[in-house]
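Following this message is one structure expressed as structure tokens.
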Protein chains: 2
Amino acid sequence: MMTRLFLQAHRTPTLAPEEVAALEQAIARTVEFAARRTIVRPNEPLSQCTLLLDGFVQRYKDTPEGRRQILAIHVPGDFVDLHSYPLRQLEHHVAAITPVQVALFPHSAVRALTKESATLTELLWRSTMIDAAINREWIVSIGARPAAVRLAHVFCEMYLRLERVGLADGTRYALPLTQIDLADATGLTAVHANRMLRQLREQGLVEFRQGSVEIFDWPGLKRFAEFDASYLYLD
Amino acid sequence: MMTRLFLQAHRTPTLAPEEVAALEQAIARTVEFAARRTIVRPNEPLSQCTLLLDGFVQRYKDTPEGRRQILAIHVPGDFVDLHSYPLRQLEHHVAAITPVQVALFPHSAVRALTKESATLTELLWRSTMIDAAINREWIVSIGARPAAVRLAHVFCEMYLRLERVGLADGTRYALPLTQIDLADATGLTAVHANRMLRQLREQGLVEFRQGSVEIFDWPGLKRFAEFDASYLYLD
DNA sequence: CGGGGCCTTGAACGTCGTCAAGCGATGTGG
DNA sequence: CCACATCGCTTGACGACGTTCAAGGCCCCG
């Protein structure tokens, strides 16, 4: 059951057993990538989609001035580029953060799934729309929240997303990013991200160390981050 | 042909005549809204999608601190909330900017369309993914570009989107926003947006006055904005 | 043992936000 | 028909949040 984590993360709409089977059978093969390896390059014709089975993946763009903006951080159970099915190519990079294992769905198989079942169509489409909802929340964070709040917000979001696929251990979870990654995701410099992380730690809210997060005070962190989970559509 | 502008904006994949007809017949009715009226409220159950026929629409979120972040600006031919079909409710506001006319597609009709044609499914899905690609580019702008460049980038984007649906007159087009709206879209304050607009004007790149934009130097503006249109997927 | 990431901290600077005031246009009610 | 309020635009002065530049430490790896 390669699709187990995906279905655990996306429970609406509910699939019939034969729809689950069809989804499972749409997988052509699995592949592994080493840490920091590129998975998809911008503007190259694509013929398959990538479901993340294990490890962490990022999507990002670089600006001509040499700044990198991370657009999304993906956890196991996420389709990292399902949008390549309707778009046919992507305008951003997709790269492994850690060593990863992925399952590949040929576009032709995705198309076949949409023909077979309107419910399956809805589920796949929905998962790309939740991705977009996360993008929107990041716009709000980067555009309207001060640095420390942005970081706190990321820790809240990643906690819920990882917890949902069974990758949180109480209030602790692995988030194998560098402070540079975190800065590139939140529109900050690494220096300032570092200072804000210290502040969050000293406030007793959350600690980020060596790629892992420990939440000391979940209600306090949520309050500080102005975190409202409705954008994750967990229902 | 209510769907004319939508099909003009989205030419890939190409529909067969009967698919165009099916799309057209999925419209239940048209409705008008006065300027600045709310069209969709967050977290309310939705049963239809809204295609913008005429006028401008914004999507936004408010933070507890009272800052408003605009997430998207929609022009005629845009489906402003097609994502409500798979999501069933939205986590943000949708509101008219100007007086608008919209066409309503019941979710049941959208579902029927996805059953009828995989190509239609792909087209509708694709339009929501282009929306998401625009969200991503806004993340880059807000996260990694200085104020003046952000504004210049918006003017480039809106020019191409409006030009595609025949709403640009040479290098001039209507963009009926206030400076406050522009600031809320770019993560700036109105005061600073005002100063940067003056700078762009004095640099001879672009002028924004009374809800309309005139581009004086398109190549220069594109260069200044680091504008790469591939995220609009115009093919 | 040397080199390169990554993290950490300090100091100085600058972009952008805040506060404040004034202007013109619009609209509403006395 | 005028008085007054409201809204958007504009500009100045000041302050702050975040960046830049710089240096040093730690750790891993070749």
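Every chain is numbered from 1, with letters handed out A, B, ... down the list of sequences.
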Q) Under 4.0 angstrom, heavy atoms only, what part of the nucleic acid is B:Gly211 near: base, sugar-phosphate, or nothing? A)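 Nothing: the residue B:Gly211, judged by heavy atoms under 4.0 Å, touches no strand.
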
Q) In whole angstrom, what separates B:His192's NE2 from D:dG18's C1'? A)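 Going from NE2 in B:His192 over to C1' in D:dG18 covers 13 Å.
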
Q) What closest approach, in Å, do B:Leu221 and B:Leu205 show between heavy atoms, and which atom pair accounts for it? A)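 So the two residues come closest at N-CD2, 3.7 Å.
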
Q: Specify the separation, in whole Å, of atom CZ of B:Arg150 and atom P of C:dC16.
A: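 That distance rounds to 7 Å.
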
Q: Whole angstrom is fine here: how far is it from CD1 in B:Ile142 over to C1' in C:dT15?
A: 17 Å

Q | A:Phe105 ring center within less than 6.0 Å of A:Phe79 ring center | A |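 Yes; A:Phe105 has its ring centre under 6.0 Å from that of A:Phe79.
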
Q: Give the nucleotide from the list D:dC9, C:dC7, D:dT19 with an atom nearest to the side chain of A:Gln179.
A: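 Taking heavy atoms from C-beta onward, the closest nucleotide is C:dC7.
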
Q: Find the distance B:Arg145:CZ to C:dC16:C1' and express it as a whole number of Å.
A: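 Interatomic distance, CZ of B:Arg145 to C1' of C:dC16: 18 Å.
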
Q) At under 4.0 Å between heavy atoms, what does B:Arg195 touch on the DNA or RNA strands: base, sugar-phosphate, or nothing? A)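 Base: the residue B:Arg195, judged by heavy atoms under 4.0 Å, touches a nucleobase.
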
Q: May I ask you to verify if any side-chain N or O of A:Asn194 is less than 4.0 angstrom from the OP1 or OP2 atom of C:dC7?
A: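 A:Asn194 to C:dC7 OP1/OP2: no side-chain N or O under 4.0 Å.
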
Q: Would you mind telling me which residue lines up with the more 5' stretch of DNA chain D, B:Leu177 or A:Ala147, judged by nearest nucleotide?
A: B:Leu177

Q: Please state how far atom CZ in A:Arg209 lies from atom P in C:dC6, giving the value in whole angstrom units.
A: 18 Å

Q.
Measuring from the side chain of B:Pro146 (C-beta onward, heavy atoms only), which nucleotide among D:dT20, C:dG17, C:dC16 has the closest atom?
A.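 Taking heavy atoms from C-beta onward, the closest nucleotide is C:dC16.
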
Q.
As an exercise, state the distance from CZ of A:Arg161 to CG of A:Leu167, rounded to the nearest 0.5 Å.
A. 11.5 Å

Q. Given C:dT18, C:dC7, D:dG18, which nucleotide is nearest the side-chain atoms of A:Leu188?
A.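 Closest nucleotide to the A:Leu188 side chain: D:dG18.
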
Q: For D:dT11, take OP1 and OP2 only and decide whether either is under 4.0 Å from a side-chain N or O of B:Arg198.
A: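 Checking D:dT11 against B:Arg198, a side-chain N or O does come within under 4.0 Å of OP1 or OP2.
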
Q) How long is the line joining CD of A:Gln199 and C1' of D:dA16, in whole Å? A) 14 Å

**Q.** For atom CZ of B:Arg67 and atom C1' of C:dT18, their distance in whole Å
**A.** 11 Å

**Q.** Between C1' of C:dC6 and CG of A:Asp181, the distance in whole Å
**A.**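 Checked: the CG to C1' distance equals 11 Å.
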
Q) Using 30° and 60° as the class limits, which term best fits the ring planes of A:Phe6 and A:His10: parallel, tilted or perpendicular? A)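 It falls in the tilted class, 30° to 60°.
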
(Q) For a quick check, tell me whether the side chain of B:Arg201 and the base of D:dT10 share a donor-acceptor pair closer than 3.5 Å. (A)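 Checked by distance alone, the answer is no.
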
(Q) Does B:Lys222 have more than 12 heavy atoms from other residues, nucleotides or ligands lying within 6.0 Å of its NZ? (A) no

